[in-house]
4 protein chains.
Amino acid sequence: MDGFQRRREQKKQDILEASINLFMDYGIQKVSIAEIAKKAGVSQVTIYNYFENKHKLIHEVFIYYVDKAVENFEQVVYSDVPFNEKIKQIIFNKKEVATQINEEFYQYLMKEYSTEGNYIEQVYQEKTIPYFTKLFKEGKKQGYVNPNLSNEAIMFYIHMLKDYIQREDVYQNILPLTEEITDIFFYGTMGKKE
Amino acid sequence: MDGFQRRREQKKQDILEASINLFMDYGIQKVSIAEIAKKAGVSQVTIYNYFENKHKLIHEVFIYYVDKAVENFEQVVYSDVPFNEKIKQIIFNKKEVATQINEEFYQYLMKEYSTEGNYIEQVYQEKTIPYFTKLFKEGKKQGYVNPNLSNEAIMFYIHMLKDYIQREDVYQNILPLTEEITDIFFYGTMGKKE
Amino acid sequence: MDGFQRRREQKKQDILEASINLFMDYGIQKVSIAEIAKKAGVSQVTIYNYFENKHKLIHEVFIYYVDKAVENFEQVVYSDVPFNEKIKQIIFNKKEVATQINEEFYQYLMKEYSTEGNYIEQVYQEKTIPYFTKLFKEGKKQGYVNPNLSNEAIMFYIHMLKDYIQREDVYQNILPLTEEITDIFFYGTMGKKE
Amino acid sequence: MDGFQRRREQKKQDILEASINLFMDYGIQKVSIAEIAKKAGVSQVTIYNYFENKHKLIHEVFIYYVDKAVENFEQVVYSDVPFNEKIKQIIFNKKEVATQINEEFYQYLMKEYSTEGNYIEQVYQEKTIPYFTKLFKEGKKQGYVNPNLSNEAIMFYIHMLKDYIQREDVYQNILPLTEEITDIFFYGTMGKKE
DNA sequence: AATGAATGAGGGTTCATTCAT
DNA sequence: GATGAATGAACCCTCATTCAT
């Protein structure tokens, strides 16, 4: 990649990063192209040169985000720590984008167009589910997961925890509860067997 | 309340109902005053006569929504069924608005202004927490809740489940998992003690 | 029609008139909604309140224009003057909009959308052609039209003359040639039979 | 002309050809510099290197077009066929650009600036009119043109026919009428003398 | 109190043109 | 001389809000 290419790629990254940050802070619809342009330090038209229109930009931000999330997930799954540690990391590692998508993102895209849903579905089938399967097999072997439970149900719980905790308004308040929350995840409200 | 008053009150209700429905379906920002007016069968200006501006309208919709939710919650708590049934009802009774607010609502209001947060906080302190406390005491007595767990942690789980399941895109897919999900809530991923 | 209705109708007319004048002078694409608004003495948004979008406005201007033209044509056909006089009037009466549409109008609409074409076609079948038929029968009886000629060919000539002469840049220059032009129409370049 | 010069000249031609084709198909205003650049296989800036700005480009396209038209006209006039054949060729030979300019071209340039008008006027005085004079003298000698008619009037007819028939929307529909149309041109609506 | 009509401000997008390499 | 990248200005359109009746 020559200098031109590299600078072009860099600028694209800048715009994507500016977008993602603003979207996270203010939601998608509230953020205008003008704002993104300002934050990325380019003119509005430059954004159009790279992304054609706002929806295409959102789409690429979305892909960028999903890919980063999956990559992150992969790393944790293949890391060398016990099962319960992995779960904790998956659930609580904020900013290290999630296996599940931020709600407004998701809902926005689901309602407006369906292409994005396909991408998510595909990534899901090809990557997320296999990782989870591997993970749960491990969990069962280590005795953390009841073999009678379906993978779906556990995945649901993990997604939910991860997604919910990611919420700006939630994260702040539950940090002191981290231990208890993981405990409930493993042992339920009834508590540990002795 | 005389005829005038009553008709006035009725119209206000109509507007609130129209608003809440549209907000749920399309999100707050996508819904224009014109659309609300049309759905409520009044002119735009009438909305302004009752609510001053869009933000005030949202605010009142919000109050309306929270009050309804709390009322609902109260009923379940005081109903005559075992603890685990109550929990199931709280978590899975869709449409019977929640103890927790729809995310976009919340985020929107949190970001824009802080007044609403105070109201929620107040309702929380005065109503929601006491109900939960009563509920958990019951749960502990019936053996469903480990006495060592803090109320906060359990409330966190209930809120999360309720809120997450309320999501349009989620609800459809997890209905068959209902039983398993409640099981995990009570017994954790490790499963029942025998 | 009450005062409200009348004023509304009046304003709509104002906008249509402003549009048609500007379109005639500068072409359709060069004219912005802002300019029309200014000329009609209303705000841009008012135009949108009446016409939804620019294309719909153009469409209505178009209908307005075609209808006026046909009406005009009808009057001439049913008037009480000899055939050759009628032809002269049809061809040379400028501003009294034509049986045929201004080119840019036509081309623009033909290219962009096809609905308008249908309307023209319809008016053509239902009104213009019958009037022409009547007119030519008269012309043949009065000896101005060779019975061997098809109506289509004569209509072509009339349309052409009318349309061409309507052109801003042409009209000015051919006024002194009026007589000769009508002569050529009736007698050809070869000239009168004696 | 050396290699450099020649390649330069070639590129200019490419741009002019690309422009003229696009202008004919979509009208002047609808065609962007970007589109021309793409069709000509050069960068936008290259166009600016050759033509300074869009208006200058249009101007040169215009000259190019007029010159080609006159050249074409000249060929027909000096060809070795009878008068009526020449007329037919002038009028119906589509694509072989005309003695008269395409309307949008003309109107656009007339309205925007006046320089182009001068060029046309000049070509007109120096070339077109002399050719026509020669042509009509021939026509009169061969008995096709009434000697009492002014050259202006006949020129008007020819221009009009040529220009009108060039129109995309017209050309398609009048092909079957070719014979009749030429007949009317020579003999008028009253028909041939016997 | 209620409405139809009107508007200023702002958003997404396009385009002729210039900058930097 | 040629290009990819960048831009200011303008355009169509929407929306919360106000005016006039």
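All heavy atoms count here, side chains included; hydrogens, waters and symmetry mates do not.
Whole-Å rounding puts the D:Gln29 CD to F:dA10 P distance at 17 Å. Atom NZ in B:Lys38 sits about 19 Å away from atom C1' in E:dA2, given to the nearest Å. The interatomic distance linking C:Asn53 (CG) with F:dC11 (P) rounds to 17 Å, in whole Å. Here E:dT17 presents its C1' atom at 14 Å from NZ of D:Lys56, a figure rounded to the nearest Å. When rounded to the nearest whole Å, the span between CZ of A:Phe51 and C1' of E:dT13 equals 16 Å. Between the NE2 atom of B:His55 and the P atom of F:dT17 there is a distance of 11 Å, rounded to whole Å. Between B:Asn49 atom CG and E:dA2 atom P there is a gap of 7 Å when expressed in whole angstrom units. In this structure, D:Gln44 places its CD atom 13 Å from C1' of F:dA2, rounding to the nearest Å.
Checking the phosphate oxygens (OP1, OP2) of F:dC15, no side-chain nitrogen or oxygen of B:Lys30 falls inside 4.0 Å. The side chain of A:Tyr50 contributes no N or O atom lying less than 4.0 Å from OP1 or OP2 of F:dA5. Of the side-chain N and O atoms in D:Thr46, one or more sit less than 4.0 angstrom from OP1 or OP2 of F:dT3.
The 5' end of DNA chain F is approached more closely, in terms of each residue's nearest nucleotide, by A:Ser43 than by the other of B:Ile33 and A:Ser43. Annotation: of the two residues near DNA chain E, A:Ser32 and C:Val42, the 5′-most nearest-nucleotide partner is C:Val42. Where A:Gly41 and B:Tyr48 each meet DNA chain F at their nearest nucleotide, the meeting point lying more 5' is that of A:Gly41.
Of the nucleotides present, none pairs with E:dA1 by Watson-Crick or G-U wobble criteria with both distances under 3.5 Å. With a cut-off of 3.5 Å on both pairing distances, the Watson-Crick or G-U wobble partner of E:dT21 is F:dA2.
Remark: side-chain polar atoms of A:Glu60 are not paired, donor with acceptor, to backbone N or O of A:Leu57 under 3.5 angstrom.
Going from atom CG of D:Asp14 over to atom NZ of D:Lys39 covers 12.0 Å, rounded to the nearest 0.5 Å.
Taking the side chain of C:Lys54 as heavy atoms from C-beta on, and the options E:dG4, F:dC13, F:dC15, the nearest nucleotide is F:dC13. You'll find that the side chain of D:Val45 is closest to E:dC19, out of E:dC19, F:dT14, F:dT7.
Counting any heavy atom pair closer than 4.0 Å across all strands shown, C:Lys12 reaches no nucleic acid atom.
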Verdict with supporting geometry, D:Glu17 and D:Lys68, salt bridge (Lys or Arg N to Asp or Glu O under 4.0 Å): CA-CA 12 Å; D:Glu17 285 290 348; D:Lys68 233 170 148 179; 3.6 Å; yes
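Using modelled atom types, one finds a donor on one side chain and an acceptor on the other under 3.5 Å when comparing A:Gln13 with A:Tyr64.
Looking at heavy atoms from C-beta onward, C:Met24 lies in side-chain contact with C:Tyr65 at the 4.5 angstrom threshold.
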